[in-house]
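To start, the structure under review is shown below, and the notes come after it.
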There are 2 protein chains.
Amino acid sequence: MTASTVLDEAELLERHGVLPSAQRLAIAQYVLRTDEHPSADQVFAKVKRALPMVSRATVYNTLNLFVDKGLLRAHVLAEGKVVFDPNLAPHHHFIDEETGAIHDVPWSALAVSNVDALEGFDVHEYQVVLRGKLK
Amino acid sequence: MTASTVLDEAELLERHGVLPSAQRLAIAQYVLRTDEHPSADQVFAKVKRALPMVSRATVYNTLNLFVDKGLLRAHVLAEGKVVFDPNLAPHHHFIDEETGAIHDVPWSALAVSNVDALEGFDVHEYQVVLRGKLK
DNA sequence: ACGGACCTTAGACTGTGTCTAAAGCGAGAC
DNA sequence: GTCTCGCTTTAGACACAGTCTAAGGTCCGT
Ligand SMILES: [Mn+2]
Ligand SMILES: [Mn+2]
Ligand SMILES: [Zn+2]
Ligand SMILES: [Zn+2]
């Protein structure tokens, strides 16, 4: 994986109009592959292990750039932090009330009816947000 | 309304185990009747008009107390602020992407199927969060 | 080499929410 | 009527997420 992974990440960034740099690649290699829904400061902590001199501002700038360029989505699902999600397909979220962990729920696992018929609202996107404990 | 409204609020607080004070009543009279989904600092701004000496700490303490006592629900629907909602019945939320305004969507307006059959998740509550523009 | 565009950096700054320590208040006890 | 004790309120300090600024670094094209 290693060498070809980095090349693939560079290509992916370029295809989305993002010039690859060492910092952007290090951030991409973690955040575009995780299923942890990390916050910006969690990304910062992870990336510092691979690239100790990276700055907090660069991590925030890069995550926001990735969102703008369509490489990542940002979600607000709990108090106090935005989380980043490389899963670009529509899906729902389950939040473990005991740990705060966020789990993806496939779009096909649930069905929401009547969205198009809602009076007065022109809905661009929606998701079901579920809370509970793991079974 | 006015005089009997205050009495009703005091009774409501007492029934939920909250000792009524002038500050708590002033906060209750706004936040338990609004449909604006205000943030704590929006509540603070409103309540200061009626009770100019009220402190920010009291507003935060009181809103959290109301949530603990089941008079209010707190929601995190956008970055950077918790909003408070006196509508205790299950319902969904539509967020106007242009203004950030939050609108209630009645539970009966949508139907979510298959929640109970989700593998691995013991769901305690859920809601649909919709974003778009007003029609 | 040089210039210029773009990127990264440290740290200051802002806004939301919590905590602390001291003062205020009010319903009984006397 | 005053005391007292628990509860409430207050101002401001504090903690943390996120943004901004100003300065310096990097990468190319010439
Ligand atoms: Mn952002
Ligand atoms: Mn809270
Ligand atoms: Zn997700
Ligand atoms: Zn609501």
Side-chain angles (χ1 to χ4, degrees), chain A residues 9-10 13-14 16-31 36-48 50-69 71-85 100 102, chain B residues 9-10 13-14 16-31 36-48 50-69 71-85 100 102:
Chain A
E9 301 288 359
L13 265 52
E14 279 169 355
H16 282 80
V18 174
L19 297 179
S21 67
Q23 290 86 347
R24 287 170 177 176
L25 284 171
I27 293 164
Q29 282 167 60
Y30 169 59
V31 82
E36 298 177 49
H37 298 85
S39 68
D41 281 331
Q42 283 176 282
V43 175
F44 182 41
K46 282 275 189 189
V47 170
K48 257 194 305 198
L51 204 69
M53 291 308 296
V54 74
S55 74
R56 200 163 157 271
T58 293
V59 173
Y60 274 85
N61 288 341
T62 299
L63 292 170
N64 288 332
L65 178 68
F66 286 1
V67 171
D68 289 347
K69 297 299 190 180
L71 284 156
L72 271 187
R73 305 222 33 196
H75 299 293
V76 183
L77 296 169
E79 181 174 347
K81 45 191 52 163
V82 175
V83 300
F84 295 91
D85 188 346
I102 296 164
Chain B
E9 301 288 358
L13 266 52
E14 279 168 355
H16 283 79
V18 176
L19 298 179
S21 66
Q23 290 85 346
R24 286 170 177 177
L25 285 171
I27 293 164
Q29 283 167 60
Y30 168 59
V31 82
E36 298 178 50
H37 300 84
S39 68
D41 281 331
Q42 284 176 280
V43 175
F44 182 41
K46 282 274 189 191
V47 169
K48 257 194 305 199
L51 205 68
M53 292 307 299
V54 74
S55 75
R56 199 165 157 270
T58 293
V59 172
Y60 273 86
N61 287 342
T62 299
L63 291 170
N64 288 332
L65 179 66
F66 286 1
V67 171
D68 289 347
K69 297 299 190 180
L71 284 155
L72 271 187
R73 305 221 34 196
H75 297 294
V76 183
L77 296 170
E79 181 174 347
K81 43 190 53 163
V82 175
V83 299
F84 295 92
D85 188 346
I102 297 164

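Note that these values count all heavy atoms, side chains included, but never hydrogens, waters or copies made by symmetry. Nothing here was measured: the structure is a model prediction, and the numbers come from that model. The sequence lines fix the lettering, A, B, ..., with proteins before strands; numbering per chain opens at 1.
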(request) Measure the spacing between NE2 of B:His37 and CG of B:Leu77 and express it to the nearest 0.5 Å. (result)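 So the NE2 of B:His37 and the CG of B:Leu77 are separated by 7.5 Å.
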(message) Measuring from atom CD of B:Gln23 to atom OG1 of B:Thr58, what distance do you get when rounded to the nearest 0.5 angstrom?
(response)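 The distance works out to 6.0 Å.
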(request) Sequence neighbours left out, what passes side-chain contact (heavy atoms from CB on, under 4.5 Å) with B:Glu14? Give chain and number order. (result) B:Pro20
(message) Among residues at least two apart in sequence or on other chains, which ones pass side-chain contact (heavy atoms from CB on, under 4.5 Å) with A:Ala22?
(response)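 side-chain contact (heavy atoms from CB on, under 4.5 Å) list for A:Ala22, sorted by chain: empty.
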(message) Less than 4.5 Å apart, side chain to side chain, heavy atoms only: is that true for A:Asp41 and A:Arg56?
(response) yes
(message) Could you check whether any side-chain heavy atom of A:Glu36 comes within less than 4.5 Å of a side-chain heavy atom of A:Val83, counting everything from C-beta outward?
(response) no
Whole-Å distance separating the [atom1] atom of [X] from the [atom2] atom of [N]:
{"X": "B:Ile27", "N": "D:dT8", "atom1": "CD1", "atom2": "P", "result": "13 Å"}
{"X": "A:Asp41", "N": "D:dT19", "atom1": "CG", "atom2": "P", "result": "11 Å"}
{"X": "B:Phe44", "N": "D:dG12", "atom1": "CZ", "atom2": "P", "result": "12 Å"}
{"X": "A:Glu14", "N": "D:dC27", "atom1": "CD", "atom2": "P", "result": "15 Å"}
{"X": "A:Leu25", "N": "D:dT26", "atom1": "CG", "atom2": "P", "result": "16 Å"}
{"X": "A:Glu79", "N": "D:dC16", "atom1": "CD", "atom2": "P", "result": "14 Å"}
{"X": "A:Phe84", "N": "D:dG18", "atom1": "CZ", "atom2": "P", "result": "7 Å"}

(request) Could you encode protein contacts along nucleotides 6-13 of chain C as a string, one character per nucleotide from 5' to 3', using B for base contact, S for sugar-phosphate-only contact and - for no contact, with a heavy-atom cut-off of under 4.0 Å? (result) SSSBBB--
(message) Looking at C:dT18, I'd like to know if its phosphate oxygens (OP1 or OP2) sit under 4.0 Å from a side-chain N or O belonging to B:Tyr60.
(response)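 B:Tyr60 to C:dT18 OP1/OP2: no side-chain N or O under 4.0 Å.
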